[in-house]
Amino acid sequence: MPVYNFKQMAPVPSASDLVDIVLTRTQRRTPTVVHPGFKISRIRSFYMRKIKFTQQTISERLTAMLTDFPRLSDIHPFYSDLCNTLYDRDHYKLALGQINTAKTLVDAVARDMIRMVKYGDSLYRCKCLKRAALGRMCTILKRQKASLSYLEEVRKHMSRLPALDPNTRTLLMCGLPNVGKSSFMNKITRANVDVQPYAFTTKSLFVGHTDYKYLRWQVIDTPGILDHSLEQRNTIEMQAITALAHLTCSVLYFMDISEQCGYTIEQQCNLFRSIQPLFANKQLVVVINKIDQQPWETLEADKKRMIEELVKESGPNTTMLTMSNVSEEGVSQVKNQACDKLLAARVDSRVSGNKVDSVMNRLQVVYPTARDGITREAFIPDSVLKEREEGEKKSKKKKSRVGYAPTVDDGEEEDDTPSESEDEEMDGAATAGGTRKKTARELMWENGGPGVWAPDYREQYDLADPEWRFDAIPQILDGKNIADYVDPDIEEKLRLLEEEEEQLQAEYEAANMEGMDDDDSLDEMEKAAVTEIRDRIKIARTYKERPGGRNRPILPREVRGRAKDCHDTDAKLDAKAIEKRMEKYGVDVSQMLERGRKRERDDPRVRRRNTEREADKETDDSSDEEMKDSGRGISKGAAKRAKKERDQSVKRERSQARSHSKPREPSQMGLKDEAMAKVAKKVEGLGQKRWHGGSGEGDQRKAVHLVKWMNTGKKRNGTHYCR
């Protein structure tokens, strides 16, 4: 797993974008409405909040940038030198330092301007100070345009760096350009590095992974290195030099003995000697590549001797191997040899370290010593030896098939499996020797098979008295056994009570029928009517006695207060409809209807309604008389408008009378005089002065403003364009 993941770094906005982000967030997250009539303390806090929020937003953004970018002194030396090679350490530190300085300046500006706003004596001065503070902060951000652009480019490039772990098992390939490094990496890893027949196809570090001995190995392909001084090497070559200098790995130095790469063997040996100091304390494998083009055996003697001397000079940690990427000859051997050398070196370094002593002090190895010279062999009892001999003589033990379902393998094991007759013989032999107990499987098949029969586990209960096993388990409620309160004859007693109740009910109904049927002079129609009435009475009694019926109002609320249509004869509450319905049940409702009519006549609302109708009628008559008296002095339209105005005035007076029904005199309101009434009204207004859903300065109101360019300038008569 890589130690550093630069892909999680957040993008760095440009200076203008950062200003827009800060000001937009300040506008959205802070109040926007303030008036000169507010208290001066409220106005000051309004603008101080704006300044403080802007400063906090800028500080959060710049702090996030400084946190995301790594500090070169805190990361691995490989990444530190790689950043120095790619981005220039001084330029990188200078850009981050300018961002940190800008953050400090913004904090200082906000602190000074907030101190000045505290002494602002008007809305105008506080607003001017706020504009000055925000303007100075934005100016500081705009001056960081170059640093922000540079850091964004660095972030983009760092996010594309390979995610390699400097501390894991690593194979590093190096050498001159076009000697077969990328081809070898494509062979042993799942990477797909571009391979072309010209130099410097690989311009940066590429990372692949392979498996060896159930371990994950990291393989790094470096750009080609040319043989010249360190100062003359470019950025592409310095990436390989940095990896060689700082990574603990097994180095594979590739050499092209066919010289198709464009460099002679002598030049390749000179490059090896120039970078040999970077191979110190590393396991080195000199890979002789492209043996399909130039076999090692047919190589010229002086060139072969030059390479062998080079390997001897480099020390005991150097091994030479031959391979070919085209024919894949020796590819696996090179990989295995490099991995084995690195594993052995890592084990030796750990054993020679200081940590091994602390571990070895806690380990103790015990070697057993002989107490005498007697040889003690393994002891096997005679019974076991006898059973072994008998087992060899006997065939495979046969098993009974009773209770087992047939399987697919029964046909193959027909000879070894006992037949049903043999099962019967086995059962008979067991029965003859003594009483044989059936197994649970046999009982299951006798009683219907799986899913139908289940064993009774109560037989396995271990109780003091075995007779208790099949007793019913008592049910306990509130610490008492329910069985102690159950009458065993309760069912029989309940049946007798129900029969007695049915008999009494039948006798009661028979007695009622006898009392009502004294008059035998009724004909068939009358008897049918009587039967219907009795059924309806029974239904009404049942409906009345049903649960919840007593809690309901006599009339539904939606019907009780609603005006009835007097022309609807089928309405439920019409007098004639009520009388017609109740006659079906044989109930006289004349007195009830008369009582309802009297109550309606005494209703004050009805009396007022009748009085108003009479007044309207008199008004209409008087208006008609006035129109007749005026003769032809007024038109019909004017007369209609006058009548309409009189009707509206009457309605207005009635509505005012209803709305002004509240007592207006102080004594009627429980107050002493008019002065006390005024005080009470004032206190009531102060109590209602609180916020009741209205808008405040925190609400984002977007009022309709007049567009200036559409409402200024010369306005002439005639045709003109608004723009």
**Study point:** Verdict with supporting geometry, Asp107 and Gln55, side-chain hydrogen bond (donor to acceptor under 3.5 Å, both in side chains)
**Key:** CA-CA 6 Å; Asp107 296 343; Gln55 177 262 330; 2.6 Å; yes
Just checking, any donor-acceptor pair under 3.5 angstrom between side chains of [X] and [Y]?
| X | Y | answer |
| --- | --- | --- |
| Thr210 | Lys335 | yes |
| Gln268 | Thr264 | no |
| Thr54 | Thr26 | yes |

Straight-line distance of [X] [atom1] to [Y] [atom2], nearest 0.5 Å:
| X | Y | atom1 | atom2 | result |
| --- | --- | --- | --- | --- |
| Ser250 | Gln337 | OG | CD | 9.0 Å |
| Asn84 | Asp90 | CG | CG | 7.5 Å |
| Tyr87 | Leu72 | OH | CG | 10.5 Å |

Tyr79 and Phe6: aromatic ring centres closer than 6.0 Å? yes
Could you check, using the six-membered ring where one of them is a Trp, whether Tyr92 and Tyr150 have ring centers closer than 6.0 angstrom? no
Considering non-hydrogen atoms only, spot the tightest contact between [X] and [Y] and give its length.
| X | Y | value |
| --- | --- | --- |
| Gly180 | Asn325 | O-ND2, 3.2 Å |
| Arg346 | Ser349 | O-OG, 2.7 Å |
| Leu148 | Ser14 | CD1-C, 4.1 Å |
| Ile225 | Leu176 | O-CD2, 3.0 Å |

Report yes if some heavy atom in the side chain of [X] is under 4.5 Å from a heavy atom in the side chain of [Y]; otherwise report no.
| X | Y | answer |
| --- | --- | --- |
| Cys339 | Lys213 | no |
| Ile307 | Met255 | yes |
| Val285 | Val287 | yes |
| Ser324 | Glu328 | no |
| Thr101 | Ile99 | no |
| Thr170 | Thr168 | yes |
| Ile236 | Pro223 | yes |
| Thr189 | Trp217 | no |

Are Arg49 and Thr30 close enough, and set up right, to give a side-chain hydrogen bond (donor to acceptor under 3.5 Å, both in side chains), and what steps lead you there?
CA-CA 8 Å; Arg49 182 177 178 183; Thr30 56; over 6 Å; no
Requested in this report: Just do the side chain to side chain contact (heavy atoms under 4.5 Å, CB included) check on Ile43 and Leu123 with the steps written out, would you?
Outcome: CA-CA 6 Å; Ile43 296 173; Leu123 184 143; 4.0 Å; yes
Are [X] and [Y] close enough for a salt bridge, meaning some N to O gap below 4.0 Å?
| X | Y | result |
| --- | --- | --- |
| Arg305 | Asp302 | no |
| Glu309 | Lys312 | no |
| Arg89 | Asp81 | yes |
| Lys303 | Glu259 | yes |

Just checking [X]: does its [atom1] atom have more than 12 heavy atoms from other residues, nucleotides or ligands closer to it than 6.0 angstrom?
| X | atom1 | answer |
| --- | --- | --- |
| Glu266 | CD | no |
| Arg136 | CZ | no |
| Glu329 | CD | no |
| Lys304 | NZ | yes |
| Arg61 | CZ | no |
| Arg125 | CZ | no |
| Lys203 | NZ | no |
| Arg143 | CZ | no |

_Checking Leu299 against Ile265 for the side chain to side chain contact (heavy atoms under 4.5 Å, CB included) test, could you report, in this order, the C-alpha distance in whole Å, the side-chain angles of both residues, the deciding distance, and whether it holds?_
CA-CA 11 Å; Leu299 186 64; Ile265 295 178; 4.2 Å; yes
One pair to check against side-chain hydrogen bond (donor to acceptor under 3.5 Å, both in side chains): Gln196 and Asp194. What are the steps and the verdict? CA-CA 7 Å; Gln196 297 295 338; Asp194 188 20; 3.1 Å; yes
**Tyr212 and Asp340: CA distance, side-chain angles, deciding distance, side-chain hydrogen bond (donor to acceptor under 3.5 Å, both in side chains) verdict** = CA-CA 9 Å; Tyr212 180 70; Asp340 290 336; 2.6 Å; yes
Sequence neighbours excluded, the answer for side chain to side chain contact (heavy atoms under 4.5 Å, CB included) partners of Asp221 is Met173, Lys181, Ser182, Met185, Val193, Thr202, Phe206
From the list Leu244, Leu171, Leu172, side-chain contact (heavy atoms from CB on, under 4.5 Å) with Ile220 holds only for Leu172
Stepwise side chain to side chain contact (heavy atoms under 4.5 Å, CB included) test for Met158 and Cys83: CA-CA 9 Å; Met158 292 182 72; Cys83 292; 4.2 Å; yes
